[in-house]
Amino acid sequence: MDPDILRGVLPLVMTAIGIVLPVVFVGVGYLYLSLDRQRANSPSKDDTQAGLKLVLWGLILAGVSIAAGGVQQLLAYIFGGFKGGSLPVRQALPTIIVGGVVVAGVVKAMLPRTNNDKERQVERYALGLLGVAFGVQAIVALNGLLGGLFMSAPWAYTSGSLASLAVTGAITVLALTRFGAASGWTQAPPAAPPMQFPPQQGGGFPPQQGGGYPPPGGGYPPQGGGGYGPPQGGGGYGPPQGGSGGYQPR
């Protein structure tokens, strides 16, 4: 398929996903709520705004999907070497603007008027669906990228897989990160700091066998008796004093 045709088809595919995904989400969501509310301890039984939030999050899914198609088309044009003149840019900008306006309008103007910050069940379902849908596309795009590199395919084809991987991968990471935060996932504990030994006071000698340091006043040579110094107070190596014997001076 010609790269220009491929870039033109990409927004149409994402627009189709943006239509099908929200409709399936809202339909399955209403069915699940109808069945779940029959339980006595259902968490959505007292949530009177669950249906409204299903519709709002369905619109968010549609906006994200449509905007993602435009961004993929624009990135494919950039990664492909800006080939095709300004036509790819003029094709991508309307879908980016429309999808961005839909997402921003719902998130900023409508969703804060609901109890979504307290009752986040619908949000978790929407984020999970968003993560799965775009995560599968990211895997397919990665496979296409590696296949194109290994098979030495023209860069005009491989750049489209790279653009798809960049967009769908980013949306998948954002969706799963927000999904995990809404679900209260736990983070890995931080690594323990390295052990630090207390510094020795005043320097000195290392500990002796049996523990402890030399007593104050000790050291080498030993002080106060015995050791390597000359004996104190008699005897030793000097000439005898005040007695006989020994060598007399001449």
Side-chain angles (χ1 to χ4, degrees), residues 1-26 54-112 123 126-179:
M1 182 181 293
D2 185 75
D4 295 334
I5 298 178
L6 183 63
R7 284 196 294 264
V9 171
L10 189 60
L12 299 178
V13 173
M14 297 305 298
T15 301
I17 295 176
I19 295 174
V20 174
L21 201 64
V23 172
V24 173
F25 172 73
V26 174
L54 279 175
V55 174
L56 294 180
W57 276 103
L59 293 177
I60 292 176
L61 292 176
V64 170
S65 300
I66 293 173
V71 175
Q72 287 186 42
Q73 184 181 20
L74 184 61
L75 288 181
Y77 167 73
I78 295 174
F79 294 158
F82 300 94
K83 297 180 180 180
S86 62
L87 180 61
V89 178
R90 289 184 283 121
Q91 289 178 340
L93 286 180
T95 55
I96 296 175
I97 294 174
V98 170
V101 168
V102 170
V103 174
V106 175
V107 172
K108 297 296 184 180
M110 299 181 182
L111 202 60
E123 178 184 1
L127 293 174
L129 179 60
L130 196 65
V132 170
F134 282 89
V136 172
Q137 295 180 62
I139 295 172
V140 174
L142 179 60
N143 180 71
L145 176 62
L146 295 180
L149 293 176
F150 289 162
M151 299 299 294
S152 300
W155 179 246
Y157 297 97
T158 309
S159 61
S161 298
L162 178 60
S164 178
L165 177 62
V167 176
T168 56
I171 295 176
T172 301
V173 171
L174 291 175
L176 293 181
T177 301
R178 186 176 175 89
F179 187 20

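For clarity, every value in this text was computed on a predicted model and none was experimentally measured.
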**OP:** Quick one: pull up CG in Leu162 and CG in Leu142 and give me the separation to the nearest 0.5 Å.
**Re:** 10.5 Å
Original post:
What's the shortest heavy-atom distance between Ala67 and Gly100, and which atoms?
Top reply: CB-N, 4.1 Å
Subject >> Which atom of Val103 lies closest to which atom of Gly63, heavy atoms considered >> reply: CG2-C, 3.6 Å
Original post:
How long is the span from the CZ atom in Phe179 to the CG atom in Leu129, to the nearest 0.5 Å?
Top reply: 10.5 Å
Original post:
Which pair of non-hydrogen atoms, one from Ser159 and one from Ala156, has the smallest distance, and what is that distance?
Top reply: OG-O, 3.1 Å
**OP:** Can you measure from CD1 (Ile139) to CG (Asn143) and round to the nearest 0.5 angstrom?
**Re:** 10.0 Å
Original post:
Does Phe79 offer a backbone N or O that forms a donor-acceptor pair with the side chain of Trp155 under 3.5 Å?
Top reply: yes
**OP:** Specify the closest pair of heavy atoms between Thr168 and Ala138, including all atoms of both residues, with the distance to one decimal.
**Re:** OG1-CA, 3.2 Å
**OP:** Kindly say whether Gly160 contributes a backbone atom to a donor-acceptor pair with the side chain of Ser164 at under 3.5 angstrom?
**Re:** no
Original post:
When rounded to the nearest 0.5 angstrom, what distance separates CG in Leu130 from CD1 in Ile171?
Top reply: 6.5 Å
**OP:** Work out which heavy atom in Val26 is nearest to a heavy atom in Gly58; give both atom names and the distance.
**Re:** CG2-CA, 4.3 Å
**OP:** Starting from the C-alpha separation in whole Å, work towards a yes-or-no answer on side-chain contact (heavy atoms from CB on, under 4.5 Å) for Trp57 and Leu111.
**Re:** CA-CA 9 Å; Trp57 276 103; Leu111 202 60; 3.8 Å; yes
Subject >> From Gln73 atom CD to Thr95 atom OG1, the distance as rounded to the nearest 0.5 Å >> reply: 6.0 Å
Original post:
Any side-chain heavy atom of Pro88 sitting closer than 4.5 Å to one from Phe82?
Top reply: no
**OP:** Ignoring hydrogens and angles, tell me if any N or O in the side chain of Thr158 forms a donor-acceptor pair with the backbone of Leu149 under 3.5 Å.
**Re:** no
Original post:
Of all heavy-atom pairs between Gly131 and Thr172, which one has the smallest distance, and what is that distance?
Top reply: O-CG2, 3.8 Å
**OP:** Nearest 0.5 Å please: distance from the CG atom of Leu61 over to the CD1 atom of Ile66.
**Re:** 11.0 Å
Original post:
What pairs with Ser86 under side-chain hydrogen bond (donor to acceptor under 3.5 Å, both in side chains), at least two apart in sequence or on another chain?
Top reply: Arg90
